[in-house]
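These notes concern the structure reproduced below.
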Amino acid sequence: MDKIGKRVDRGGFRGTVRYYGKLLHVPTKGKFNPLDLWVGVEWDEASRGTHSGSVEGVEYFSTFDGAERATLTKEKLLDFGVDFVSAWVRRYLTNAEIEELGSDREQLLQYLFELAGHAERAMTDKSIEFDENALIRTSKRFKKIEFLGFNRIWNSIKDLKRMSLLSLSDQGISGFGAKGEIRSLFPALKELSLERNMIGNWNEVFRLSIECPNLEILVLNDNILLTDNQLTEMKQPFAKKIQHDEANDKISSEKAQENHEKSTEDYVPFENLRHLSLKSTRTSWSTLSGLLHLFPVLEELVMSNNCCADFDQLKLENSALKNLKRLDISENELRDPQGLACFSVLKLEKLNASNNNFENFPLSGVLRNLTHINISNNRVSSSEIMSELSRFEALNSLRFTDNPLFNILDKKHLRCIEIASCKTLKKLNGSEISREERRDSEIYYLKNAFHEFFKLTNTTMHTYDYPQFEVWALKEFPLIGYYISKFGNPYEIEERNYLDAIRPESEVKKSAPVPAPLTEKNRFINVKIQKVGQVTPPIRKKFPRSIDVGFVRNFIKMSYKIQQNFKLCIFDPVGSIPLDNNFKKLEDYTDDNDIQINWSE
C-alpha cells in the first residue's frame, strides 16, 4: 500500500499509482494468475487510459475528473523513478565513471564526497584535452580537435561544495534519498530546478527545506503534488478492499491514516525561498492555503495551468505571503477577475493573467500597486478596458495582445489609445515606448475623442457643442481634460464662428464676408528662424499660411537637433507672440507676409 500515490513512468507517459494488489475481477481474455500483483495507474495524459477506474463492474478507484485515463498493468512494466543523487550522477558523470563505480551505493557516495577536493585541484589544470571522436579533415589528413580548458569546465560542474545552481529537469526523480545526504553533498545550493520529474507529494517537497536550507529559487513544474489528506483518501478505500479480500491482513482505514497522515506543523519552513514555481502541479488555492506559512519570505509565485478558480478558499491570515510581489495565474481558464480581490491585502507589483477567459479587468481599486500587467489571450472585446487600465496609477508595463478586440479595431489605433490611456506606461507588448511615440499617441487620443463625438452626434468641428462634448468625453475618455490642458483644443470654435453656427442660415449668408482670392504673394509666409542669443546666421524658410504650428516646431527641432522641450514665439518690437498651440495655423497668429520666429530652451 506504500506505493499508492507514487508517480510512475511507462514509455515516456507519467501517471499516479491509485491501486496496488491482486485483481478483484476475473479477466475474460488471456492467462490469469490470481496471486499476481497489479498496479492501477491514473495517467496524466487522458488518451493513455482505457477506463476510469472501474473494470467489468469492479471499482478499483475513480479518476480525479471521471475521464477514462486509467489502466491496470504489471509492476515490472513501470518505472518508479530514482533518487536525487542518482539522477545527478546519471546526468553529470561520464559513462566511464558510472561503469567504474558500478552499483555500490557506498562507493558512489564516497566518490562524490571526494569530488570537491578533486575539483579544486583540477581548477588549476590548463592541459588540452582531446576527444577521439572529434576530428576535422584538412587537405592531407585528419586532425584531432583540441579543447583548451575543457577539464576546467568539466570539473567545475563537479565542484559540489561551491555549486549554487542545479538543474535536474526530466530525470525521473521520485525521492530525495537518505536524510542529510543532499545537504552534505550540495551545501551551497540556492537555485534548484526539478521540472518534469516524478515527485508525487508535498511531503517530499518539504524534505528539501531541511536538505537545502539556503534555497532561494525552487521550480517544481509538471510534478503532480498531492497532500497528506489526498493520499489518505486514496489509501482508505484500498485498505478496505485488502481487508475484505485477505482476512489475515487486517488493515483498517484508521490505521492507514495514522501511519501516513502528517501535520504541516512538523514541516520546516523554507526560510530563504523567494521564488516558487508550481506550473501544472494540480495545486489549488485550498491546497496551498494550508501551506503558505511555510513560505515566510516568498516574493514570486507561479501558479499557471492549475486549479486556481477557488479564490474563496485562499486564506491570507497571519501575514501569509506578505512579501509577495509577483504572481502568475496564467492558463487557468479563469472568468471572473473579481476573485483576484483577495490579494488586495498584498502589495502585488507584477501580475500575469494571460490565457484565461477575462472579459474585463476592473481591479484598479484593489490592486493599486501593480506596475506590470499581462492580460494577453483573454476574451476582452470592449474598448472599455482602456478606461479600466487608465486607472492603474503605477502601471509601467502592459501586455494586451491576442484579444478579440484586436479583430474589431485596428492594431495601430489600439496601441495609440493604450499608450495615451496610461500616462505612466513605459513598455507595451514587449516594446519600449519612445518619447516621440508617446506624444504622437497622446495627440491621436485627443483627436480621436473629438472624432468619436462628431460621429455620435452627427456634427462637425464647426458645429459641435463643446459643453456637451466635455460631459460625454470625461466618461468615455477619462484623460481628455488632461490632454486638452496639455495640447489645447484642436477644434476650438472662435466666438464669431460659433455665433455663425447657431445663427439662422439666411443671416449667415448675408453677413458672411467674401474672402479675398489667394495669390502667390499671400499664400505663403517668409519665415526667418533664429535662436535667442545666437549670433549665427538664421534659417530662412517659406511656409504655407495654413500650416500647423506643430509642423513648424518639428522642422526647427530637426534643423537644430534639439533634444529637450523649447518655446516658440513670433518676434515683434511691440511684444512677442507665443506660438503655444501646435494645432493652430500660422495664419491664426499673424497676417504679415514676413515674420521672424525665435526659439529658446
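Fair warning: this is a prediction, and the values are worked out from it, not measured in the lab.
At distances below 3.5 Å, at least one donor-acceptor pair connects side-chain atoms of Ser441 with backbone N or O atoms of Glu437. For the pair Ser277 (side chain) and Val302 (backbone), a donor-acceptor distance under 3.5 Å is absent. Within the 3.5 Å criterion, the main-chain N or O of Met198 finds no donor-acceptor partner in the side chain of Asp222. Panel note: side chain Asn355, backbone Glu331; no donor-acceptor pair is recorded below 3.5 Å. Using a distance-only test at 3.5 Å, with no hydrogens or angles considered, a donor-acceptor pair links the side chain of Arg438 to the main chain of Leu425. Although no hydrogens or angles enter the test, the distance criterion places no donor-acceptor pair under 3.5 Å between the side chain of Glu442 and the main chain of Ala420. Formation of a donor-acceptor pair under 3.5 Å by the Asn352 side chain with backbone atoms of Ser354 is found in this model. Of the possible donor and acceptor atoms, one in the side chain of Asn374 sits under 3.5 Å from a partner among the backbone N and O of Ser376. Formation of a donor-acceptor pair under 3.5 Å by the Asn403 side chain with backbone atoms of Ile375 is found in this model. With hydrogens and angles disregarded, no donor-acceptor distance shorter than 3.5 Å links the side chain of Ser86 to the backbone of Val82.
Taking the side-chain hydrogen bond (donor to acceptor under 3.5 Å, both in side chains) definition, one finds that Glu181 meets it with Arg105, sequence neighbours left out. The side-chain hydrogen bond (donor to acceptor under 3.5 Å, both in side chains) check on Ser174 picks up nothing, with sequence neighbours excluded. With sequence neighbours left out, Glu300 forms a salt bridge (charged side-chain N to carboxylate O under 4.0 Å, His left out) with Arg326. The side-chain contact (heavy atoms from CB on, under 4.5 Å) search around Ser382 returns Glu384, not counting sequence neighbours. Under the salt bridge (charged side-chain N to carboxylate O under 4.0 Å, His left out) criterion, Arg7 pairs with Asp44, sequence neighbours left out. Here Ser184 pairs with nothing under the side-chain hydrogen bond (donor to acceptor under 3.5 Å, both in side chains) rule; sequence neighbours left out. Residues forming a side-chain hydrogen bond (donor to acceptor under 3.5 Å, both in side chains) with Arg368 (at least two apart in sequence, or on another chain): none. Applying the side-chain contact (heavy atoms from CB on, under 4.5 Å) rule to Cys308 yields the partners Trp285, Met303, Asn306, Asn332; only residues at least two apart in sequence or on another chain are considered. For Phe406, the ring pair (Phe, Tyr, Trp, His ring centres under 6.0 Å) criterion is met by Phe400, not counting sequence neighbours.
A donor-acceptor contact under 3.5 angstrom links the side chains of Thr71 and Trp43, judged on distance only. Side chains of Asn357 and Arg379: a donor-acceptor N/O pair is present below 3.5 angstrom, by distance only. Of the N and O atoms on the side chains of Ser289 and Ser286, not one donor lies less than 3.5 Å from an acceptor on the other residue.
Looking at heavy atoms from C-beta onward, Leu405 lies in side-chain contact with Leu414 at the 4.5 angstrom threshold. Counting only heavy atoms from C-beta outward, the side chains of Leu348 and Leu324 approach each other to under 4.5 Å. Counting heavy atoms from C-beta on, the side chains of Val8 and Thr16 never come closer than 4.5 Å. When side chains are defined from C-beta on, Phe84 counts as touching Phe186, because their heavy atoms get closer than 4.5 Å. Contact annotation: the side chain of Leu78 approaches that of Val41 to within less than 4.5 Å [non-hydrogen atoms, C-beta and beyond]. Side-chain contact check for Leu314 versus Leu292: some heavy-atom pair is nearer than 4.5 Å.
Taking both residues in full, the closest heavy atoms of Arg10 and Thr73 are given as NH1-OG1, 3.0 Å, listed atom of the first, atom of the second, then distance. Here the shortest heavy-atom pairing between Gly81 and Asp79 reads N-OD1, 2.9 Å. What you find for Trp202 and Thr227 is that their closest heavy atoms are CD1-CG2, 3.9 Å. When all heavy atoms of Asp310 and Cys307 are compared, the closest pair comes out as OD1-O, 3.3 Å. Of all heavy-atom pairs spanning Ile433 and Arg415, the tightest one is CG1-NH2, 4.4 Å. Looking at every heavy atom in both residues, Arg14 comes nearest to Asp9 through NE-OD2, 2.8 Å.
Salt bridge Glu42/Arg282: present, at least one basic N to carboxylate O contact under 4.0 Å.
A distance of 6.0 Å or more separates the ring centres of Phe61 and Tyr19.
Other residues, nucleotides and ligands place more than 12 heavy atoms under 6.0 Å from the CD atom of Glu75.
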Report, one line per pair, each donor and acceptor closer than 3.5 Å where one atom sits in a side chain of residues 189-197; sequence neighbours left out.
{"residue": "Ser193", "atom": "OG", "partner": "Ser169", "partner atom": "OG", "Å": "3.4"}
{"residue": "Glu195", "atom": "OE1", "partner": "Asn221", "partner atom": "ND2", "Å": "3.4"}
{"residue": "Asn197", "atom": "OD1", "partner": "Gln171", "partner atom": "N", "Å": "3.0"}
{"residue": "Asn197", "atom": "OD1", "partner": "Gly172", "partner atom": "N", "Å": "3.0"}
{"residue": "Asn197", "atom": "OD1", "partner": "Ile173", "partner atom": "N", "Å": "2.9"}
{"residue": "Asn197", "atom": "ND2", "partner": "Leu168", "partner atom": "O", "Å": "2.8"}
{"residue": "Asn197", "atom": "ND2", "partner": "Leu194", "partner atom": "O", "Å": "3.1"}
{"residue": "Asn197", "atom": "ND2", "partner": "Glu195", "partner atom": "O", "Å": "3.1"}

Can you list, pair by pair, the side-chain donor-acceptor contacts under 3.5 Å of residues 385-397, counting residues two or more places apart and other chains?
{"residue": "Glu388", "atom": "OE1", "partner": "Phe361", "partner atom": "N", "Å": "2.8"}
{"residue": "Ser390", "atom": "OG", "partner": "Ser387", "partner atom": "O", "Å": "2.6"}
{"residue": "Arg391", "atom": "NH1", "partner": "Ser387", "partner atom": "O", "Å": "3.1"}

Please set out all donor-acceptor pairs under 3.5 angstrom arising from side-chain atoms of residues 335-345, sequence neighbours excluded.
{"residue": "Asp336", "atom": "OD1", "partner": "Gln338", "partner atom": "N", "Å": "3.0"}
{"residue": "Ser344", "atom": "OG", "partner": "Ala341", "partner atom": "O", "Å": "2.9"}

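Taking the six-membered ring where tryptophan is involved, the planes of Phe270 and Phe206 are tilted, since the angle between them lies from 30° to 60°.
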Decide salt bridge (Lys or Arg N to Asp or Glu O under 4.0 Å) for Glu349 and Lys325; before the verdict, give the C-alpha distance in whole Å, the side-chain angles of both, and the deciding distance to 0.1 Å. CA-CA 5 Å; Glu349 296 177 358; Lys325 297 291 188 295; 5.2 Å; no

Apply salt bridge (Lys or Arg N to Asp or Glu O under 4.0 Å) to residues Lys427 and Glu432 and explain how you reach the verdict. CA-CA 4 Å; Lys427 182 181 290 187; Glu432 298 287 343; 3.7 Å; yes

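Expressed to the nearest 0.5 Å, how far OG of Ser304 lies from CG of Leu278 amounts to 9.0 Å. The NZ atom of Lys426 lies 15.0 Å from the CG atom of Leu398; values are rounded to the nearest 0.5 Å. Atom CG of residue Leu276 and atom CZ of residue Arg274 lie 13.5 Å apart, to the nearest 0.5 angstrom.
Taking the centre and axis of the six-membered ring of Phe176, the NZ or CZ atom of Arg207 falls outside the cone set by 45° and 6.0 Å.
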